[in-house]
Amino acid sequence: MVRTRFAPSPTGYMHIGNLRTALYAYLFAKANNGKFILRIEDTDTERTVEGVIDIIYKTLKQAGIEYDEGPDIGGDYGPYIQSQRKDIYNHYAHKLVETGAAYYCFCSKERLAQLQESGAPKYDKYCLRNVSLEQARSKIAAGEPYVVRQNIPEQGVSSYTDLVFGEISVDYKDLEDNILLKSDGMPTYNFANVIDDHLMRINYVIRGVEYLTSTNKYNLIYDAFGWERPNYIHLQPIMKDSARKLSKRTGDASFEDFIAKGYLSEAIVNYIALLGWSPKDNREKLSMRELIEAFSIEGISKSPSIFDEPKMRWLNSLYIKEMPPQAFAKKSKPYYDALGLESKFDYETLDKLLQSRVEIMSDIPEKLKFLDEFDNFDLGLFENKKLKTDKMIAKEVLPKLIERLKRIENFDNNSLFENLKEFSAEINLKSSALFWIMRIALTGAQVTPGGATEMAALFGKERALERLQAAYKRL
RNA sequence: GGCCCCAUGGUCAAGAGGUUAAGACACCGCCCUUUCACGGCGGUAACAGGAGUUCGAAUCUCCUUGGGGUCACCA
């Protein structure tokens, strides 16, 4: 049974890179009928931010990434919050010391700082060499603060096979005796991840490349306990540009920012799935179901990928177009309300016009700008070289058009269109030219979410005539 | 700087010794058309550089260059 996990530390908002890591771990588990576990890594009490755990729950839920075990839903291997597992880490830390794979260290921060200043490349194993286990135990019994350090062999090479990068070997001399258990009794990531992954039966560890090299150290701990090492899948980061990682700190959008911007969660998930992984076929648009079916390690990229919002926009527009009208209505309403359109316009009509033209929901205000920016539009817009229209022709046509419209009862798009098409023949003007003039006079905008008759229908007879008259007056 | 990793168009990416080097986004053009959008058709654009190996290299090896990661009582 494949078991993967997503193990965020609750230190800030969930950004796109984190979400993608969670997504891949989820997809891999589900692609193999396995389990996906959520674990909260809050061992750094300083950096832990209140309330972030809820954001994590919420974001995963919203993104459709369902975990089988986790803090809020339980499971057989809990607790799933590291700060609640302190005793477990302590137990194993002392056990590890007994095996010789770790040792107690009493060095002060000052000595450590001095060591570093003196140019030492890493910790010098002072306490391993100068403090016997018995001495250490009595110091601890006496209440002296201590940490537990990993005892990295002084010679040799460590290696393992990453499922995407292949064999990764590192010389032990390039590895440091990192702290496993801090003086506050909390474990560091270096220790907790191993203990928990083993205890929680995680057999595929999927995480960022920043752990690619240090995984060699973690394997030493598995070995010391006689535990089976998991499989590893390391992921390159998502970049803002070729030099910078995407990060909340540099003001890059988080999942919820994109949601707020009017992206659909399905589109975001779809897009980030494709950033660093590709299916064997050419599909670009995949549902969660399809992602699960298509996901495989071979498709994972070995190089970082740059986040490209225009492509996500395009994907989003695909999802918007296929939304049921009611779903679109639900999303568009807040935007209409914010523009103060309530009771002025028929939302259903607006929806029909906009659903195929909007890429992300927040495009709506821009697309509807012509509704209130009308009075002083540029009269030069009447000029259209291809259709051979200009102000003069508009001035000539508009009064006739107004008279004609006055006599039309049905102000729905189709009736208007048929009627005015005939009208254009009667006055001997190309229908496209007539519609151009009419649309400009009606909206004052070069670009509108629909043609002349659609705009007229949107305004309704009374307001359409008012606008046409106002435009005529200015000519 | 030491160590580890990576390198195909502007971006995402197929490609695993022999291809006219896919496809998508973006961009440009044409068509459709009551504007715009959608849709359809087409176009511009890439194997970082240099040595090898080989009959043959985007694919294998080495070097250079560029980029990323890592060297915390952070994860």
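Below, read A as the first sequence line, B as the second, and so on, with proteins coming before strands; counting in each chain starts at 1.
With sequence neighbours excluded, no residue forms a ring pair (Phe, Tyr, Trp, His ring centres under 6.0 Å) with Y103(A).
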Quiz item: For nucleotides 37-48 of chain B, read 5' to 3', which letter fits each nucleotide if B means a protein heavy atom sits under 4.0 Å from the base, S means only the sugar-phosphate is that close, and - means neither?
Solution: SS----------
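Centre separation under 5.5 Å together with a plane angle under 30° does not hold for the ring of F435(A) and the six-membered base ring of U35(B), so they are not marked as stacked.
Side chain of I168(A), nearest nucleotide from A75(B), C25(B), C4(B): C4(B). In this structure, the nucleotide among A13(B), A72(B), C36(B) sitting nearest to the side chain of Q116(A) is A72(B). With distances taken from any side-chain atom of T448(A) to the nucleotides U11(B), U35(B), A75(B), the minimum falls on U35(B). In the set U34(B), G23(B), C4(B), the nucleotide with an atom closest to the side chain of N282(A) is G23(B).
Heavy atoms of V147(A) sit under 4.0 angstrom from at least one base atom. At a threshold of 4.0 angstrom between heavy atoms, the contacts of F307(A) with the nucleic acid are absent. Nucleic acid contact class of E46(A) (heavy atoms, under 4.0 Å, all strands): none.
Taking atom P in both A58(B) and A16(B), the straight-line distance is 13 Å, to the nearest Å.
Pair assignment for A46(B): none, as no Watson-Crick or G-U wobble contacts are both less than 3.5 Å. Searching all strands for a Watson-Crick or G-U wobble partner of U59(B) with both distances below 3.5 Å returns nothing.
M438(A) places its CE atom 9 Å from the C1' atom of U34(B), with the value rounded to the nearest Å. Between the CG atom of N316(A) and the P atom of A26(B) there is a distance of 13 Å, rounded to whole Å. The distance between atom CG of D412(A) and atom C1' of U34(B), rounded to the nearest whole Å, is 15 Å. Rounded to whole Å, the distance from CD on E454(A) to P on U35(B) is 10 Å.
Aromatic ring centres of F307(A) and Y271(A): separated by under 6.0 Å. Remark: aromatic rings of Y222(A) and Y232(A) are distant, center separation not under 6.0 Å.
Within a 6.0 Å radius of NZ in K400(A), other residues, nucleotides and ligands contribute more than 12 heavy atoms.
When side chains are defined from C-beta on, L163(A) counts as touching Y204(A), because their heavy atoms get closer than 4.5 Å.
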